[in-house]
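Worksheet for the structure shown next.
Quick caveat, the model's predicted, so the values are computed rather than measured.
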Amino acid sequence: MFRCILPAAVLVLFACSSATYAQQQTIGAPPEASNMKLVGSNDLQARSAYQPTIHHQGDRWIAYIGHHGGTDDVPAPVNPMTGKAEPNGTSIVDVTDPARPKYLRHLPGQEGKYESGGAQMVRVCDGKSLPKGDPTAVYMLRTFGGEAHEIWNVTDPASPVLITRIGGLKDTHKSWWECDTGIAYLVSGAPDWRTRRMTQVYDLSDPARPHKIRDFGLPGQEPGSTGAVPTELHGPISTGPNGNRVYFGYGTDKDGILQIVDRDKLLNGAKEPTPDNLRYPEIARMPMSAFNGAHTTFPMLDMPIAEFSEDKDGKTRDIVMIVNEAILNECGEARQMVWFADVTTETRPMMISSYTVPEASGRFCQRGGRFGAHSSNESMAPVYYKKMAFIAFFNAGVRALDIRDPYHPKEVGHFIPAITAATDKRCIPIEGGERCKVAIQTNNVETDDRGYIYIVDRANTGLHILELTGAARAAAGLPKN
């Protein structure tokens, strides 16, 4: 049997197969960065991370971070705070001082590996914002593997208390929760629907008493329908009652769809999932290339465009940034990118630009793991909204984009963390076995109202807290640091 043996003194980025080694990089090498710098980090107990949500909670800032399930090698990592092996779930970290993040609690999720376990998604609302919430409380909405959605009281973030569970599902994913109304768009797998993921709309204004409003999806996904099943939902983003729109993204790395929905018609239209009732709230649907999906559909409405400032019409535009998700390791698929759609004329959405990291800038197809886009920050806080976007790009780290002119998005900074001893391998099949490499897999990114950027790693490398410097900081309109 062939064994891959690495020198004890050189922990490396490696490729181990029945044939040969590949590119090598010493653990502890400095990160790769431009106009972004590291402020602080936490290893998140070496758990594969998904969605981070940063919440200003009293006089503290708390990061709630979702996790995928475990791996074949480590199905349930040991929690150093309890000394027990725990299925991946939710990490709760005090980031009030971003240079010294303090791990408060790991809240176990569903047993299972990879996408079949954990608690990937997390959203947080203050009780004082929710119409029927306890004004002294803070609530966390999370998934529980693929089987349920849960609401926890996290007023004391180190001691969460379970309040509600919405169960009986076959899958979950990337939900959205309106804190001012309590309306939640829960990405679910209703057992009788023909697709793995669709939307269940709930009123969670009283977190202790969830009220289901309706099921929603694309015609052809509903129970009893026949023929081809449209591509599954990935996630929605709502503009709330004022914007009266919900932007749904369907498809992951292929057959993507941007769907624009009238929120009021969605909530108040006929609830029976017939094809006509499912079509009723839809304003427009923009199919994407068969090569690309729609992981994140981020609305940036009423954007002033400097280039058009002297034009009689169209000085401002409604833009949706669409981020696709790379799935296969070592560029085993079409490139997943960032696309910008002009939806000013809602019934005729139009692609206007795109962005990708140039592969040759880092030979990313050879580095191992996934290379391509995954997600963007989703905060609409004024510090960055309509000015800067941050894109998680797997082994190319996080990319800072100047989006003030969405017709010509421009990268102004990037940060690729260094691998650590905990960074997990990523493999591809080859003749006679498999080839494995260790590489950064920046999976998700979020920002807070202070301007810090939070990135988390799919390959167990943890949380990195960043800030902009130089030209990127100037593009965002931040004071010099």
Side-chain angles (χ1 to χ4, degrees), residues 123 125 129-132 141 149 166 173-190 192-195 197-206 210-225 229-251 256-288 294 296-302 316-322 341-350 378 380:
R123 301 291 187 191
C125 288
S129 299
L130 294 168
K132 300 176 184 177
L141 170 68
H149 302 279
I166 301 169
H173 207 53
K174 197 169 178 288
S175 302
W176 187 265
W177 194 12
E178 299 174 1
C179 290
D180 55 345
T181 68
I183 300 299
Y185 309 87
L186 304 181
V187 179
S188 304
D192 54 342
W193 278 60
R194 302 176 68 214
T195 184
R197 294 172 182 163
M198 35 69 77
T199 303
Q200 294 186 312
V201 185
Y202 270 81
D203 181 349
L204 301 182
S205 59
D206 181 349
H211 171 67
K212 185 176 179 181
I213 297 174
R214 71 176 299 175
D215 290 335
F216 182 72
L218 299 176
Q221 296 177 335
E222 76 277 10
S225 58
V229 181
T231 188
E232 67 189 21
L233 176 68
H234 202 281
I237 295 180
S238 171
T239 61
N242 292 332
N244 193 37
R245 295 291 181 268
V246 185
Y247 298 87
F248 289 88
Y250 295 85
I257 296 172
L258 165 66
Q259 183 189 38
I260 306 174
V261 167
D262 183 301
R263 177 185 177 276
D264 182 70
K265 291 181 178 180
L266 175 66
L267 299 183
N268 298 309
K271 307 301 190 293
E272 182 69 19
T274 66
D276 285 345
N277 291 345
L278 295 176
R279 279 189 286 264
Y280 172 68
E282 180 178 284
I283 294 170
R285 186 188 304 185
M286 184 179 71
M288 299 176 63
T296 307
T297 50
F298 186 69
M300 301 178 290
L301 308 182
D302 199 28
T316 64
R317 300 293 173 95
D318 294 338
I319 305 296
V320 176
M321 180 175 66
I322 304 169
D342 186 326
V343 300
T344 309
T345 303
E346 284 187 295
T347 57
R348 297 181 181 181
M350 179 178 68
E378 297 178 359
M380 298 181 189

Mutual orientation of the aromatic rings belonging to Phe216 and Phe248 [parallel < 30°, tilted 30-60°, perpendicular > 60°]
tilted

Please determine which of Thr239, Ile322, Val261 meets the side-chain contact (heavy atoms from CB on, under 4.5 Å) test together with Tyr247.
Thr239

Closest non-hydrogen atom pair, [X] against [Y]:
{"X": "Ala184", "Y": "Trp177", "result": "CB-CD1, 3.8 Å"}
{"X": "Ile166", "Y": "Pro210", "result": "CD1-CB, 4.0 Å"}
{"X": "Glu378", "Y": "Thr296", "result": "OE2-CG2, 3.7 Å"}
{"X": "Leu233", "Y": "Gly249", "result": "CD1-O, 3.4 Å"}
{"X": "Pro236", "Y": "Tyr185", "result": "CG-CB, 3.6 Å"}
{"X": "His234", "Y": "Val187", "result": "O-CG2, 4.0 Å"}

Can you find a heavy atom in the side chain of [X] that is under 4.5 Å from one in the side chain of [Y]?
{"X": "Thr344", "Y": "Met350", "result": "no"}
{"X": "Ile213", "Y": "Leu266", "result": "no"}
{"X": "Glu178", "Y": "Pro241", "result": "yes"}
{"X": "Ser129", "Y": "Asp180", "result": "no"}

To the closest 0.5 Å, what do you measure between [atom1] ([X]) and [atom2] ([Y])?
{"X": "Ile237", "Y": "Lys174", "atom1": "CD1", "atom2": "NZ", "value": "5.0 Å"}
{"X": "Leu301", "Y": "Arg317", "atom1": "CG", "atom2": "CZ", "value": "14.0 Å"}
{"X": "Ser238", "Y": "Asn244", "atom1": "OG", "atom2": "CG", "value": "8.5 Å"}
{"X": "Glu282", "Y": "Leu218", "atom1": "CD", "atom2": "CG", "value": "7.5 Å"}
{"X": "Lys271", "Y": "Asp215", "atom1": "NZ", "atom2": "CG", "value": "11.5 Å"}
{"X": "Arg123", "Y": "Ser175", "atom1": "CZ", "atom2": "OG", "value": "8.0 Å"}

Which is it for Ile319 and Asp342 under the side chain to side chain contact (heavy atoms under 4.5 Å, CB included) test, yes or no, and what are the steps along the way?
CA-CA 5 Å; Ile319 305 296; Asp342 186 326; 4.3 Å; yes

After noting the C-alpha distance and the side-chain angles of Thr199 and Trp176, does the key distance pass the side chain to side chain contact (heavy atoms under 4.5 Å, CB included) rule?
CA-CA 10 Å; Thr199 303; Trp176 187 265; over 6 Å; no

Test of understanding: with side-chain contact (heavy atoms from CB on, under 4.5 Å), list the residues that count as partners of Asn242, not counting sequence neighbours.
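Applying side-chain contact (heavy atoms from CB on, under 4.5 Å) to Asn242 gives none.
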
Would you please name every residue forming a side-chain contact (heavy atoms from CB on, under 4.5 Å) with Ser205, sequence neighbours left out?
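If we apply the side-chain contact (heavy atoms from CB on, under 4.5 Å) test to Ser205, skipping adjacent residues, the hits are Pro131, Lys132, Asp203.
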
Using the side chain to side chain donor-acceptor pair (under 3.5 Å) definition, which of the options Gln259, Arg285, Glu232, Arg197 pairs with Tyr250?
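So, applying the side chain to side chain donor-acceptor pair (under 3.5 Å) to Tyr250 and each of Gln259, Arg285, Glu232, Arg197, only Gln259 qualifies.
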
Side-chain donor or acceptor of [X] paired with backbone N/O of [Y] under 3.5 Å:
{"X": "Asp192", "Y": "Pro223", "answer": "no"}
{"X": "Gln200", "Y": "Gly189", "answer": "no"}
{"X": "Ser225", "Y": "Gly220", "answer": "yes"}
{"X": "Gln221", "Y": "Pro230", "answer": "yes"}

What salt bridge (Lys or Arg N to Asp or Glu O under 4.0 Å) pairs are there with at least one residue in residues 237-248, not counting sequence neighbours?
Arg245-Asp262, Arg245-Glu346

Assess the residue pair Arg263 and Ile183 against the criterion (side chain to side chain contact (heavy atoms under 4.5 Å, CB included)); give the C-alpha distance rounded to whole Å, side-chain angles, the decisive distance to 0.1 Å, and a yes or no.
CA-CA 11 Å; Arg263 177 185 177 276; Ile183 300 299; 3.7 Å; yes

Audit row: Val320, Ile260, side chain to side chain contact (heavy atoms under 4.5 Å, CB included) steps and yes/no:
CA-CA 10 Å; Val320 176; Ile260 306 174; 5.6 Å; no

Would you say the side chains of Thr274 and Asp276 form a donor-acceptor pair under 3.5 Å?
no

